[in-house]
Amino acid sequence: NAGVMQNPRHLVRRRGQEARLRCSPMKGHSHVYWYRQLPEEGLKFMVYLQKENIIDESGMPKERFSAEFPKEGPSILRIQQVVRGDSAAYFCASSLPTGIQETQYFGPGTRLLVL
Amino acid sequence: ELKVEQNPLFLSMQEGKNYTIYCNYSTTSDRLYWYRQDPGKSLESLFVLLSNGAVKQEGRLMASLDTKARLSTLHITAAVHDLSATYFCAVSYTGTASKLTFGTGTRLQVTL
């Protein structure tokens, strides 16, 4: 039973380039979350998606960042025109809403380094 | 705005000793989670606590929740080196699937 998968695991970009991060949720999971972790800090919520819908994007920067979770395929977090401050670990989590006991399961993360 | 605070931020303890990590949160919450993260790794779910007075135990770790005090504790009994990691508490506060607000993390180092 594969867990949450993310790729790439490491990504290096120069300032101004685009970064695309992919997340495949656990089988049967319909909810996807993206979080960002800066060095030595906790995770910060970015966006919550269900298939073809953005449910909550209150943690997403207003510019340059976008996310999608299409009907088919992985969820994508896209960062346009990256800056050094975007360097962080980006984690995806998925969940299967089973009521009050719902738990988010995290992927291995993508470590983005902007040069 | 929901705030989640943990203390201590860093904890160095000897094997065999007991200690407690504290997690305070600012707003009424539906659920409280504890996660473990090893360096450079992802987060591993440890506990989900739902109701006042809830207590869960797994091995040397025991988590409890006091919703009236908005406080959760993670108690470590007779620590072993394998428990060295960073521990995060996280809170969600809406009825169903929702974002988690994480604490700052407690970096635990267990020494021989």
Side-chain angles (χ1 to χ4, degrees), chain A residues 2-7 9-10 23 25-26 28-51 53-60 67 69 88-111 113, chain B residues 1-10 21 23-25 27 29-52 54 56 58 63 65 67 85-109:
Chain A
V4 179
M5 299 175 69
Q6 290 186 249
N7 69 81
R9 297 288 301 274
H10 299 273
C23 169
M26 287 179 70
H29 284 196
S30 57
H31 294 203
V32 166
Y33 307 80
W34 286 93
Y35 294 85
R36 176 165 62 179
Q37 185 179 33
L38 295 171
E40 306 299 325
E41 293 188 11
L43 279 72
K44 296 287 194 295
F45 168 80
M46 298 182 75
V47 62
Y48 159 40
L49 309 105
Q50 296 180 20
K51 286 283 187 182
N53 284 306
I54 296 174
I55 306 302
D56 182 351
E57 57 181 346
S58 58
M60 286 276 273
F69 188 15
Y90 292 82
F91 289 95
C92 166
S94 74
S95 69
L96 174 62
T98 53
I100 201 70
Q101 289 273 359
E102 178 187 320
T103 295
Q104 294 181 23
Y105 296 90
F106 283 80
T110 294
R111 274 119 185 120
L113 175 63
Chain B
E1 180 187 346
L2 178 61
K3 292 186 179 178
V4 181
E5 294 183 347
Q6 285 181 239
N7 70 83
L9 297 183
F10 180 77
I21 298 170
C23 173
N24 290 91
Y25 54 97
T27 305
S29 165
D30 286 338
R31 281 162 277 176
L32 189 136
Y33 301 79
W34 284 97
Y35 285 90
R36 168 184 171 146
Q37 186 181 36
D38 291 292
K41 304 293 185 181
S42 187
L43 280 77
E44 174 191 355
S45 175
L46 296 174
F47 302 108
V48 181
L49 302 169
L50 303 176
S51 58
N52 189 43
K56 290 194 175 180
E58 181 73 33
L65 179 63
T67 57
T86 299
Y87 293 85
F88 292 98
C89 64
V91 173
S92 67
Y93 60 99
T94 55
T96 56
S98 73
K99 63 186 179 185
L100 296 179
T101 300
F102 280 82
T104 47
T106 296
R107 186 174 169 191
L108 173 65
Q109 183 176 341

- For residues F106(A) and Y35(B), establish whether the separation of their ring centroids is below 6.0 Å. yes
- Query: Do T101(B) and K44(A) have side-chain atoms, one donor and one acceptor, less than 3.5 Å apart?
  - Reply: no
- Message: Just verifying a value: how many Å separate K99(B) NZ and E57(A) CD, rounded to the nearest 0.5 Å?
- Response: 11.5 Å
- Contact class of Q37(A) relative to chain B, heavy atoms under 4.5 angstrom: side chain
- Note on the structure: Test side-chain contact (heavy atoms from CB on, under 4.5 Å), reference L100(B), set Y35(A), Y48(A), Y33(A), output is Y35(A)
- Item | More than 12 heavy atoms of other groups within 6.0 Å of M5(A) CE | no
- Query: Can you tell me if CZ on R107(B) sees more than 12 non-hydrogen neighbours from other groups inside 6.0 Å?
  - Reply: no
Name the atoms and distances for all side-chain donor-acceptor pairs under 3.5 Å in residues 40-49 of chain B, with sequence neighbours left out.
unit_1 : atom_1 : unit_2  : atom_2 : d
S42(B) : OG     : G107(A) : O      : 2.2

- Exceeds 12 heavy-atom contacts within 6.0 angstrom, atom NZ of K3(B): no
- Smallest separation among heavy atoms of E41(A) and F88(B), with atom names: O-CZ, 4.1 Å
